[in-house]
Every structure is written in C-alpha cells, then in structure tokens.
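Notes follow once the structure below has been shown.
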Amino acid sequence: MIKTTIGNISQQENQEVVIEGWLYNKRSSGKIQFLQLRDGTGFIQGVAVKNEVSSEVFNLCKELTQESAIRVFGIVRKDDRAPSGYELTITNLELVSLAMKYPISLKEHGIEFLMDHRHLWLRSKRQHAILKVRAAIGRYAREFLDNRGFTHIDSPIITSSAPEDSGSLFEVDYFGEKAYLAQTGQLYAEAAAMAFGSVYTFGPTFRAEKSKTRRHLNEFWMLEPEVCYLDHEGSLKLQEDLIEYIVQNVIKSCTLELKTLGRDIKELEIIKAPFPRITYDKAVEMLKENGMEIEWGEDFGAPHEIYLSEQFNGLPVFVTHYPKDCKAFYMEPDPDRPDTVKCADLLYPGFGEIIGGSERIHDLDILLQRIQEENLPMEVYDWYADLRKYGTVPHSGFGLGLERMTICITGVDHIREAIPFARTLNRITP
Ligand code: ATP
Ligand code: MG
C-alpha cells in the first residue's frame, strides 16, 4: 500500500494506494457510488461498487457528507475521460471526520455569500485552480530573477515616509508617532540595489484608495526589481523577458488548472518577447482617433488602457514617456523631451496596466529640484537623497502586481478572486 497524492497519481498506475483528503461531491446509481475526492493537490473520482467493497464501506460511502475528511484506499486506473486522466477503484475507506451540513453547495451562490465564506470557498475547484496559478506566478517570477543573479531583499512594511500619493496611505500608531503601511518597497529596493547590484522585493503593499474597480485591492502583492547600471531600454527588455518566462512556464506547469478555468491557451502561447512599444504621445493620438475623450497631460483611465491594450495582436504593449506631471517625482526626465519621463506602463491585452516602472533620477540636484516642485517634505527623503551623494549611478526598476498578473493568466474577471483573502473597501473578514 502506497500513500500518495492526487497530484502524483500518474506514477501509481494499477497500484493500490491510499489518499488522505476530503469528499468534494458525490453521486450514486444504486449499486455504484461515485465519490469526487480532493486532497489539496488535485481532484479525482473514486468509484465504489457494491459487491466489490464490504457492506460497511459501501454504507459509509452512502452516508458521507460533502467535505467529510476521509482516507480512501483504491487501485489507480487510467481513464482518458477523466480530467486528471485517472480514476480510483475504491477498495476501502476510513472516516476521519464527518462534516456538518456544508454551507457552499456546488450550485450557484451570490458573490457576497461566497466572499463571506471565503475560508471555505478556497476549497472549490475553480478557486483552487486560480490560487495554484497565483503561487506558480510567484515561483517563476522569483526563479527568473534568482537565475539572473538578483538578490531577494525584504523591505519594511511599517514606514515613516510617504513616497507617492499620501492620500492613499494607511496610518498606524507607532509608539505614539504616525507611521504608514508601505505602498511600495521601491525606495528601499534602490538603497539595496546600490549594495547588491540587482535586487527585488516581493511583499504585501497597501493602498487606502476607495476604489471599487475590478483591478484594485487595498492590500496586494508586488514584485519590485531594481537594477543598477540599467537604463530605461534595458528595463523594458527585462520586463518582457520576465513576463514571457512567467506565462510560458505557467502554461506548462498549470495545464490542468487552466483547463479547469476554461482558459484559451492560444491567447497565452503568443505572449512572447519582444512586446510593442508606443509613446504616450502616440497613445493619445490613437485614443483621439478612436473618438475617446483625452487631452495631452491627463492620465489614462481603465477604458483608455483597455482600448490601447487591444490594438497589438494579442501582445502586451509598453506605453512609454508619460508627462512628468502624471508620474512620481523620482522618474528620470527625458533630456530630449523634458516634459516627459523615461517610464513605461505595461498594458496587458484586454486588461490594462500590470507593470509600472521607470529609470530613476540619479542626479542629486535634479532629485532635490523635483522634490521641491512636488512640494514633498524634504526631511522624509533625506536618506533617499543620500543614495545620490555616494557613488550614484543610473538605475531602473519596476513593480509587477501579482494579483493583476493572476487575472491576466487565469482570465478571472475580478481581482478579489486572485488573492486568498481579499482586502477591499467593504471587506476585511474573513
Ligand atoms: P493604477 O493606475 O491601475 O491604480 P498604479 O499606477 O497606481 O496603478 P503603481 O503604483 O505603478 O500602480 O504600481 C505598480 C503595479 O502594482 C501596477 O502596475 C499593478 O500591477 C499593481 N497595483 C497597483 N495598485 C494596485 C491595487 N490597488 N491593487 C492591485 N494591484 C495594484
Ligand atoms: Mg493606483
């Protein structure tokens, strides 16, 4: 008898195994009980035939409730009709615990009900698939950067500085002083890059924005690479290679999950570098030609981004050189067009922004001037300015939102399903 998992079942064809898991669903046709089993690694059908198991086991199968914990013994059979390719002929079954009446049935429920029961909803096939893909994205993102010699640096979550939009900061009491939850790890990543060359932070970030869109969370995870001696163009190259690596590896390792989600793999297979690039100027022109309302100098809204994202044959597009006034103070002005900065947002087809990045200002005087122009409190940026005093070099970095990447790969339509426990305007439990 081999203890195994559903995820590894293909290695045990025709052998007798035991799986420790739960009853996902059940149906019967008199003499046969069909048990849908799950064990965290996957889903498989177990079949108990009346005359082939003891009467105790057969009766137990009949009495099992949805989500009861069970240990299932059986022989692994190849079955091409099964999504996993295998079925289990049940030989024995042990009850670990009988579940009370489970609130989530496999029929339709309203979204608020499901979010109230998120702690249980995670067990459903679809949610399981989405979060498996999310985990794979994180894994491949780190793998890509680790393979290129990046050092993973953790930036603080409690900060005293308020980098960008101070209106969207969560305030915390720090022994009587005001402190804030980090909106980004970038400034710390820049400091670390000067020590380690190529670094990335990957952690939770917090934005107290009262938005109710399908792509904003108040707590989300961001991957933020930062690289010394890397210019704007080099950064775009790094970004497209990273996205290609993530997407192409997720297709290979999450085949079953993407199938569960009904994802069109062809749309993912074409996500390969290089990605097209257009300037902000050109983007405004395209939007105007399409009759959309926008003036030079305004930031894009979701409809603008979605329109632009759909004009490049299914490839993501970089929009570069935004007006200085739309973007953060630390972005390097373009010497040829000083009213714009060397930045780019990467727009994913049909979705919009998944990455925001730029070359950073490395000259002390220009940085101080920009801080002043934006009326930012100089004392907050003292240490940040130090980085420009001691061996400053050109450097670039960007931020990729993990949940937005998850939406783009899985095709789910709301970001609340792309994170285990979403924090949104009206929700902080479970
Ligand atoms: P948006 O304009 O869509 O609000 P942003 O310009 O505020 O995005 P950045 O500050 O550049 O975004 O953050 C970098 C990346 O982090 C974004 O490209 C996105 O993938 C992700 N991100 C930003 N805000 C959120 C959010 N509220 N929820 C989830 N992901 C986010
Ligand atoms: Mg924002």
Side-chain angles (χ1 to χ4, degrees), residues 134 137-138 141 155 162-170 180-187 189 200-226 235-236 239-240 242-243 246-247 275 280 283 294 298-309 316-320 322-331 341-360 396-410 412-427:
R134 181 182 193 271
I137 294 170
S155 54
E164 289 168 56
D165 176 9
S166 53
S168 60
L169 286 165
F170 281 108
Y180 307 95
L181 298 183
Q183 288 180 307
T184 165
Q186 183 201 317
L187 306 192
Y200 64 93
T201 64
F202 195 10
T205 48
F206 306 86
R207 308 228 172 148
E209 42 199 14
K210 296 195 167 147
S211 48
K212 285 195 202 159
T213 74
R214 63 187 190 92
R215 53 186 207 163
H216 287 91
L217 289 164
N218 296 109
E219 176 181 305
F220 64 97
W221 283 67
M222 186 151 56
L223 176 81
E224 296 182 88
E226 192 71 39
S235 175
L236 300 191
Q239 293 172 47
E240 61 194 7
L242 170 67
I243 297 299
I246 294 173
V247 174
F275 301 155
Y280 171 91
I294 186 86
E298 291 172 1
D299 204 357
F300 299 140
H304 302 118
E305 286 187 3
I306 291 172
Y307 174 76
L308 293 169
S309 76
V317 56
F318 286 111
V319 180
T320 69
Y322 281 69
K324 183 174 78 172
D325 296 335
C326 298
K327 292 287 176 188
F329 74 92
Y330 49 70
M331 296 189 180
V341 284
K342 291 190 195 174
C343 72
D345 283 1
L346 181 63
L347 310 183
Y348 196 92
F351 178 77
E353 181 185 336
I354 56 168
I355 293 182
S358 74
E359 195 171 312
R360 320 304 192 189
S396 300
F398 58 92
L400 167 67
L402 175 58
E403 293 75 21
R404 290 200 185 172
M405 192 71 227
T406 304
I407 292 184
C408 295
I409 296 189
T410 58
V412 299
D413 54 31
H414 200 293
I415 199 161
R416 67 187 156 217
E417 291 183 44
I419 188 163
F421 295 96
R423 295 293 175 250
T424 53
L425 188 52
N426 299 315
R427 181 172 296 281

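Computed from heavy atoms alone, side chains included, the values below leave out hydrogens, waters and symmetry copies. As the structure lists them, so they are numbered: ligands from 1, and atoms in each ligand from 1.
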(request) Report yes or no: does T320 contribute a side-chain atom to a donor-acceptor pair with the main-chain N or O of A344 at less than 3.5 Å? (result) no
(request) Could you tell me whether I355 approaches ligand 1 through its side chain, its backbone, both or neither, with non-hydrogen atoms closer than 4.0 Å? (result) backbone
(message) Tell me if a side-chain donor or acceptor on S211 pairs with a main-chain N or O of T213 at a distance below 3.5 Å.
(response) no
(request) Using distance alone, decide if ligand 1 has a nitrogen or oxygen within less than 3.5 Å of any nitrogen or oxygen in R404. (result) yes
(message) Contact between ligand 1 and R215 is defined here as a heavy atom of the residue under 4.0 Å from a ligand atom; is it met?
(response) yes
(request) Record the part of M222 in heavy-atom contact with ligand 1 below 4.0 Å; permitted values are side chain, backbone, both and neither. (result) side chain
(message) Within ligand 1, which atoms have a heavy atom of E209 less than 4.0 Å away?
(response) 27 (N)
(message) List the residues meeting side-chain contact (heavy atoms from CB on, under 4.5 Å) with P303, not counting sequence neighbours, and say none if there are none.
(response) M292
(request) Step by step, work out the side chain to side chain donor-acceptor pair (under 3.5 Å) result for E359 and S235. (result) CA-CA 8 Å; E359 195 171 312; S235 175; over 6 Å; no
(request) Give the numbers and elements of all ligand 1 atoms closer than 4.0 Å to a heavy atom of I415. (result) 29 (C)
(request) Check whether any side-chain heavy atom of R404 sits under 4.5 Å from a side-chain heavy atom of Y348, and report yes or no. (result) no
(request) Sort out for me which residue in E353, E305, E403 forms a salt bridge (charged side-chain N to carboxylate O under 4.0 Å, His left out) with R215. (result) E305
(message) Is there a polar contact between ligand 1 and R207, counting only N or O atoms under 3.5 Å apart?
(response) yes
(request) Could you list the residues that satisfy salt bridge (charged side-chain N to carboxylate O under 4.0 Å, His left out) with R423, not counting sequence neighbours? (result) none
(message) Under 3.5 Å between any N/O of F220 and any N/O of ligand 1: does that happen in this structure?
(response) no
(request) Pick whichever of T213, L346, T424, L217 has a heavy atom sitting closest to atom 28 (N) of ligand 1. (result) L217
(request) Output yes when the distance from some N or O of ligand 1 to some N or O of I354 is under 3.5 Å, and no in every other case. (result) yes
(request) Look only at interatomic distance and state if G401 has a nitrogen or oxygen under 3.5 Å from any nitrogen or oxygen of ligand 1. (result) yes
(request) Examine distances only and state if a side-chain atom of D345 and a backbone atom of G357 form a donor-acceptor pair shorter than 3.5 Å. (result) no
